[in-house]
Amino acid sequence: VQLQASGGGLVQAGGSLRLSCAASGRSFNRYTMGWFRQAPGKEREFVAAITWNGVTYYADSVKGQFSISRVYAKNTVWLQMNSLKTEDTAVYYCAAGSGVLITTTDGYAYWGQGTQVTVSS
């Protein structure tokens, strides 16, 4: 599986962005898809995930603020980010995994290249 993340950019606090992750490969529907982020000097952290059958998981820090969804026909996963805060600034990565250890990086075998999200005050 190859993953291509896009949609990052510079936005003011309170604004919104929608990240996209396009997957190649015929097994997309079988994977749990996740989003992680990594801020400078910090470890990569879990943001959100959606299983093959549409069950969603969110980090406590983004519940009610971010929304993950997937479009099976387009092999695409979206991350809608609303009410962005400066602390959301990070490189965002999409990943594909088998559905175990969903909230950890160990649960994902395939990673995209990352897209930068910068939230200004």
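Values below: every heavy atom of this structure, side chains too, minus hydrogens, waters and symmetry copies.
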What's the spacing between [X] [atom1] and [Y] [atom2] if we round to 0.5 Å?
X     : Y      : atom1 : atom2 : result
Arg70 : Asn53  : CZ    : CG    : 9.0 Å
Arg18 : Met81  : CZ    : CE    : 11.5 Å
Glu43 : Glu45  : CD    : CD    : 10.0 Å
Ile50 : Thr32  : CD1   : OG1   : 9.0 Å
Thr89 : Gln116 : OG1   : CD    : 7.5 Å
Ser24 : Asn75  : OG    : CG    : 8.0 Å

Minimum side-chain heavy-atom gap [X]-[Y] below 4.5 Å:
X      : Y      : result
Leu10  : Val119 : no
Val11  : Ser120 : no
Val77  : Ser69  : no
Leu3   : Met33  : yes
Arg37  : Thr115 : no
Trp78  : Ile68  : no
Gln113 : Gln4   : yes

Short side-chain to backbone donor-acceptor contact, [X] and [Y], under 3.5 Å:
X     : Y     : answer
Tyr72 : Trp52 : yes
Gln65 : Ser83 : yes
Ser61 : Ala59 : no

Compare every heavy atom of [Y] with every heavy atom of [X], then report the nearest pair and how far apart it is.
X     : Y     : result
Cys21 : Trp35 : CB-CZ2, 3.6 Å
Ala90 : Ala39 : CB-N, 3.8 Å
Gly8  : Leu19 : N-CD2, 3.6 Å
Leu79 : Ala48 : CD1-CB, 4.1 Å
Val1  : Ala23 : CG1-CB, 4.3 Å

Between Phe66 and Tyr92, what is the ring plane arrangement, given parallel below 30°, perpendicular above 60°, and tilted in between? tilted
Taking everything shown except Gln12 itself, do over 12 heavy atoms lie less than 6.0 Å from its CD? no
May I ask you to list the residues sharing a hydrophobic cluster with Tyr57, side-chain cutoff 4.5 Å, ordered by chain and number? Phe36, Phe46, Val55, Val91, Tyr93, Ile102, Tyr108, Trp111
Please determine whether a side-chain nitrogen of the Lys or Arg among Asp60 and Lys63 lies less than 4.0 Å from a carboxylate oxygen of the Asp or Glu. yes
Tell me, with the steps shown, if Tyr58 and Val47 meet side-chain contact (heavy atoms from CB on, under 4.5 Å). CA-CA 6 Å; Tyr58 296 95; Val47 174; over 6 Å; no
